[in-house]
K.L.:
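Pasting a structure below so you can have a look.
Along the sequence shown, residues are numbered consecutively beginning with 1.
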Amino acid sequence: LTNKVAYMAHPLQPKAINPGEEEVIRICVLGASGVGKSSLCNFLCDDTGAFKIGDGFDACTQKALSHGFTYELKENVDDGEQTKIINYEITDTPGWFDADQERLPSIHTMLIKINECIKISETGITAFFICVPFERISIDTEQSIYFMRDCFDSTQLKHVWMIFTKCKKIINIQDILSQLLQQKNRGRKASALVYNYTQTINEQCFATDTSMDDEKELSQIRHNILTEMNKIYHEYGMIPDGVFQTAQRNYQNELYRMNQKHRDEQAMNQYRYKRMMTLGTVIGVGFVAVGINGYMKYNSLMTENVGLKSENRSLYETANMLNDQTQTLNQQNEQLQQVAKQQSIFAGVSEVAAGALWFALEPISGTMVIIDGIQRIWLGGGAEGTPN
C-alpha cells in the first residue's frame, strides 16, 4: 500500500470520569524487533522488570503486554503550584515485521497486526510511539514507517511520535535531524525516509538511550515525554480506533485486488497454455508430415540408388566380359598375324627359289622374281623390326 488512508475522523475526547474511575493515559509502542521497545517501556515505567528484555538474537516479546504506572506532575494553579498524580498505561508490542520469519510482511501478516492494534486501541490510545534506532536502519524499520504513514492522515498526526533509541550521547533532536538530513543529501534512502517522516509529524520526536549513565538526564527525558503525553491527552484526546479499521479495509481491499489479479493471471496463463498446446499440436503435426515426406523421398532415393548400383554392377560385369573378349580377339589376331608372316616368308622363299630356276633360263626376269621374293621375306619379318 502506498497511498495514505483517507480517513477523516475527529479525535476522541477523554472519556467522562465516573465516580471511582480514574483517567488513564495510554501509550502504545510499535516498531521492528530489536529496536529497544521493551527497554523504552521499562524506562517510562521506571521499572526494569515490567517488560522482559531479550538478550540474544531472537525477539523476546511474542504478544502485546501492558503495564500501568503513575507519575507525579506539577501543575500551575491560581494559588500557586500543585502536584497531581497521573495514571499511565504503556503497551509493548511484538516486532511488527518478523512474523513467521518473513523478511517482508505479507498482506495476511499485516492484517493480523492491524487486528492486534484494533484490540489495543479499543481502550483508547493517546499516542503511538514508533521506535527507530539511531544506527543502521533495517528494512523492518522502514516497513514500520511505511505502515504508520499509511494508517494516519494529517488529522491524527498529533498522536504519532518517533522515539530515537540507542542514541548514545546524542540526545538532542536537532542534532539527530541534522545528521539525518546530511545522510539524505548524500542519497541515503533509509535516512531520507526517516527524516521525511519526522517532518510529516512536525518533528514530534524524542531521543533516549536507556543505557546511559547520566541519571539526571534520563529523568529529565522521562519527565518531558510523560508531560507531553499528558498535554496531548487533554488537548487532543485519544486517537480514533477507526483509523486501524480503515487500514484493515484498505489491506483487505488490497488482498482482494491481489487475489483477483492472481485469478486473472491464472486465467491468462491457462489461455496461453491452451494456445501453446494448440500451436504445439499444429507444429507437431507439421513436423510429422514433413518427416514422413522426407522419409518417403529418402526411401525413393535409396530405392533408386539400389537400382543404380545394380545397373552399375551389371555394366561392370559386361565391361569385364567385353574386356575378356577383347583380350581373346587380340590373342587370335596375334596368331593370325604370325600365320600371315609365316605365309609371307614361305611365299618369299618360294619366289626366290622359283627366281633362281628362272634366272638360269632368263636372267633378267629371274632376277626380278628373286628381288620380289626377298622383299616378301623381308616384309614378313617386319613385325620384329629386322629382316630375317
Side-chain angles (χ1 to χ4, degrees), residues 1-11 27-32 35-37 40 44 93 96-97 104-105 110 113-114 117 121 125-209 220-221 224-233 235-240 243-244 246-247 250:
L1 294 177
T2 57
N3 298 324
K4 289 185 178 180
V5 176
Y7 180 77
M8 305 298 292
H10 298 290
I27 303 170
C28 182
V29 181
L30 306 175
V35 297
K37 299 189 301 298
L40 175 64
L44 294 177
T93 59
W96 271 57
F97 301 103
L104 290 176
M110 291 310 304
K113 296 300 181 182
I114 290 173
C117 277
S121 62
I125 301 297
T126 299
F128 282 93
F129 287 175
I130 176 171
C131 288
V132 177
F134 190 62
E135 54 186 13
R136 186 176 182 273
I137 300 172
S138 67
I139 192 172
D140 303 338
T141 299
E142 293 181 33
Q143 293 298 323
S144 300
I145 296 175
Y146 284 132
F147 176 78
M148 298 295 285
R149 184 192 66 183
D150 293 337
C151 284
F152 299 97
D153 62 26
S154 59
T155 64
Q156 300 139 6
L157 294 181
K158 286 294 182 181
H159 302 275
V160 180
W161 289 73
M162 184 176 291
I163 309 297
F164 289 101
T165 59
K166 305 180 182 180
C167 296
K168 298 181 180 179
K169 296 182 179 181
I170 304 176
I171 57 175
N172 186 288
I173 288 298
Q174 294 304 320
D175 292 342
I176 292 176
L177 295 180
S178 177
Q179 291 192 27
L180 288 173
L181 180 59
Q182 292 177 5
Q183 296 296 325
K184 173 186 175 182
N185 294 334
R186 293 175 182 174
R188 304 291 177 84
K189 294 182 180 180
S191 298
L193 173 65
V194 175
Y195 178 81
N196 291 338
Y197 194 64
T198 62
Q199 302 308 301
T200 300
I201 61 177
N202 300 317
E203 298 185 0
Q204 293 173 174
C205 307
F206 288 107
T208 183
D209 191 336
Q220 184 61 45
I221 294 172
N224 293 341
I225 294 175
L226 296 178
T227 301
E228 188 65 30
M229 295 306 104
N230 180 61
K231 178 181 176 182
I232 292 175
Y233 176 77
E235 289 186 8
Y236 302 103
M238 296 173 291
I239 195 166
V243 63
F244 290 108
T246 305
N250 279 353

K.L.:
Please name all residues satisfying side-chain contact (heavy atoms from CB on, under 4.5 Å) with S178, sequence neighbours left out, ordered by chain then number.
P.N.:
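Partners of S178 under the side-chain contact (heavy atoms from CB on, under 4.5 Å) test: Q182.
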K.L.:
Taking all heavy atoms of A32 and all of K37, pick out the closest pair and write down the distance.
P.N.:
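Of all heavy-atom pairs spanning A32 and K37, the closest is O-NZ, 2.8 Å.
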K.L.:
List for me each residue that meets side chain to side chain donor-acceptor pair (under 3.5 Å) alongside Q183, sequence neighbours excluded, and say none if there are none.
P.N.:
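With sequence neighbours excluded, Q183 shows a side chain to side chain donor-acceptor pair (under 3.5 Å) to R188, given in chain and number order.
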K.L.:
With F206, which residues qualify under ring pair (Phe, Tyr, Trp, His ring centres under 6.0 Å), at least two apart?
P.N.:
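Only W161 meet the ring pair (Phe, Tyr, Trp, His ring centres under 6.0 Å) criterion with F206.
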K.L.:
Show your working on side chain to side chain contact (heavy atoms under 4.5 Å, CB included) between I225 and F129 and close with a plain yes or no.
P.N.:
CA-CA 11 Å; I225 294 175; F129 287 175; 3.8 Å; yes
K.L.:
When rounded to the nearest 0.5 angstrom, what is the spacing between NE2 in H159 and CD1 in I125?
P.N.:
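Between atom NE2 of H159 and atom CD1 of I125 there are 11.0 Å.
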K.L.:
Mind checking the CD1-NZ spacing from I201 to K158? Nearest 0.5 Å is all I need.
P.N.:
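If I round to the nearest 0.5 Å, the distance is 10.5 Å.
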K.L.:
Could you tell me the separation between the CD1 atom of I27 and the CD1 atom of I163, rounded to the nearest 0.5 Å?
P.N.:
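So the CD1 of I27 and the CD1 of I163 are separated by 8.5 Å.
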K.L.:
How would you list, by chain and number, every residue that makes a side chain to side chain donor-acceptor pair (under 3.5 Å) with K184, sequence neighbours excluded?
P.N.:
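Residues passing side chain to side chain donor-acceptor pair (under 3.5 Å) with K184: N196.
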K.L.:
Of all residues at least two apart in sequence or in a different chain, which pass the side-chain contact (heavy atoms from CB on, under 4.5 Å) check with K189?
P.N.:
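Scan of K189 (side-chain contact (heavy atoms from CB on, under 4.5 Å), adjacent residues dropped) gives none.
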K.L.:
Using the side-chain contact (heavy atoms from CB on, under 4.5 Å) criterion, which residues pair with T126? Sequence neighbours excluded.
P.N.:
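I25, I232, Y233, M238.
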K.L.:
Please give me the minimum heavy-atom distance between G36 and T165, naming the atom from each residue.
P.N.:
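The pair with the smallest heavy-atom distance is O-CG2, 4.4 Å.
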K.L.:
Tell me every residue that passes side-chain contact (heavy atoms from CB on, under 4.5 Å) with I176, counting only those two or more places apart in sequence or in another chain.
P.N.:
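With neighbours one apart ignored, the set is F134, F164, C167, I170, L180, A207.
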K.L.:
Closest approach of M162 and I145, non-hydrogen atoms and distance?
P.N.:
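Looking at all heavy atoms of both residues, the closest pair is CE-CD1, 4.4 Å.
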K.L.:
CD/Q204 to CD1/I130 distance, rounded to the nearest 0.5 angstrom?
P.N.:
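Reported value, rounded in 0.5 Å steps: 13.0 Å.
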K.L.:
Can you list everything that forms a side chain to side chain donor-acceptor pair (under 3.5 Å) with N224? Sequence neighbours excluded, please.
P.N.:
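N224 satisfies side chain to side chain donor-acceptor pair (under 3.5 Å) with Q220 once adjacent residues are dropped.
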